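For reference, the structure discussed in these notes is given below.
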Amino acid sequence: MQPSDYEDLTPAQAIAYQHELRRQINITPLLSPISIIGGADISFNKYSEVVYAGIVLFSYPELKIIGQATAISKTKFPYISGLLAFREVPALLNAWDKLTIKPHLMVLDGQGIAHERRTGIATHFGLITDTPSIGSAKSRLTGRYDEPGNQPFNQSPMYDKGEVIGTALRSKKNCKPIYISPGHRISMEQSVEVIKSCVRGYRIPEPTRQAHLLVNKIRIEDGDNNNRQINLFD
DNA sequence: GCGACAG
DNA sequence: ATCTTGTCGC
């Protein structure tokens with residue numbers, strides 16, 4: 001199965017593929033040192049098939065931006081809860097291929113194994129590129145958890161079917177928690193530690209925060225090359 | 001059948 | 001996700 005063929009898959013076929021990917025997930029501690037970390041995100045205009053993908057590279061743990069790559073592509077696969085990767089990974093790979101240097105670890109905007117089939121976008125991307133990855137989501141997809149305390153870095157485990165699938169992390173006081181889960185080739189504990197070391201005063205950790213700013217910037221610049229936005233509260 | 005539901 | 005302005009709370 002090639003990412004370029006994702007848009008031809010039916011939801012049932014996409015789910016079948018996730019079951020296949022699930023068998024290859026490796027959630028063991030990352031042993032090699034990391035000095036380059038990347039953040040990825042997607043942006044798009046409502047009702048448009050154009051998607052803007054971007055990846056920002058940082059030195060780690062200093063978190064100085066040392067590179068980036070973007071790609072503008074199209075997708076027909078709609079957003080379906082649980083199948084986000086089939087809509088966004090193809091675009092992200094186009095940006096990934098443009099990187100002259102590959103990061104040692106990637107942070108994706110979405111779930112890792114904190115997914116019904118343990119195949120969130122971070123896990124999916126990590127498997128496809130064979131790169132250690134972490135999922136950092138702004139909201140919960142699945143899993144039960146107790147609300148973490150209201151102090152920075154207070155955390156609470158997320159459970160699903162008897163297993164720990166993620167960590168609800170209070171990245172900033174008085175802000176909703178973010179949901180961290182390993183994507184591939186990294187442990188739950190390491191994932192949380194890395195994300196904590198990437199928080200710089202904002203709820204969203206720098207890798208995905210900067211990637212988000214980047215893709216929105218190129219989307220506005222592109223103006224979607226003639227796509228209009230009509231908004232009457234929908 | 002009902003409620004939930006990453007971006 | 002995206003569109004929007006003001007507004008409430010730390």
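What you see is a predicted model, and the numbers here were worked out from it, not measured in a lab. In what follows, every chain begins at residue 1, and chains take the letters A, B, ... in the order their sequences are listed.
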How does each nucleotide of nucleotides 5-10 of chain C score, in 5' to 3' order, for protein heavy atoms under 4.0 Å: base (B), sugar-phosphate only (S), or none (-)? -----S
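Residues of residues 200-217 of chain A that place a heavy atom closer than 4.0 Å to DNA chain C, in numerical order, are A/His212, A/Asn216. Listed by residue number, A/His115, A/Gly120, A/Ile121 are the residues of residues 113-127 of chain A with a heavy-atom contact under 4.0 Å to DNA chain B.
With sequence neighbours excluded, the residues that form a ring pair (Phe, Tyr, Trp, His ring centres under 6.0 Å) with A/Phe125 are A/Trp96. Under the salt bridge (Lys or Arg N to Asp or Glu O under 4.0 Å) criterion, A/Asp97 pairs with no residue at all, not counting sequence neighbours. Applying the salt bridge (Lys or Arg N to Asp or Glu O under 4.0 Å) test to A/Lys173 and every residue at least two apart in sequence or in another chain returns nothing.
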Scan the side chains in residues 67-79 of chain A for donor-acceptor partners under 3.5 Å anywhere in the protein, sequence neighbours excluded, and list what turns up.
residue: A/Ser73; atom: OG; partner: A/Asn94; partner atom: ND2; Å: 3.4
residue: A/Thr75; atom: OG1; partner: A/Phe77; partner atom: N; Å: 3.2

Hey, can you pull the donor-acceptor pairs under 3.5 Å for the side chains in residues 192-202 of chain A, sequence neighbours left out?
residue: A/Glu193; atom: OE2; partner: A/Lys196; partner atom: NZ; Å: 3.3
residue: A/Ser197; atom: OG; partner: A/Tyr60; partner atom: OH; Å: 2.6
residue: A/Ser197; atom: OG; partner: A/Val194; partner atom: O; Å: 2.7
residue: A/Arg200; atom: NH2; partner: A/Ser197; partner atom: O; Å: 3.1

For DNA chain C, what string of dots and brackets results from 5' to 3' when Watson-Crick and G-U pairs need both distances under 3.5 Å, crossing pairs get [ ], and pairs with another strand get |? ..........
Taking only Watson-Crick and G-U wobble pairs with both distances under 3.5 Å, what dot-bracket line describes DNA chain B, where [ ] shows pairs that cross earlier ones and | shows pairs with another strand? .......
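Annotation: cation-pi pair A/Arg22/A/Tyr17 absent, no NZ/CZ under 6.0 Å from the ring centroid and within 45° of its normal.
For residues 142-173 of chain A, the ring-ring contact (aromatic ring centres under 6.0 Å, His included) pairs, not counting sequence neighbours, are A/Tyr145-A/Tyr179.
Reading DNA chain B from its 5' end, the first and the last nucleotide to sit under 4.0 Å from a heavy atom of chain A are B/dA4 to B/dG7.
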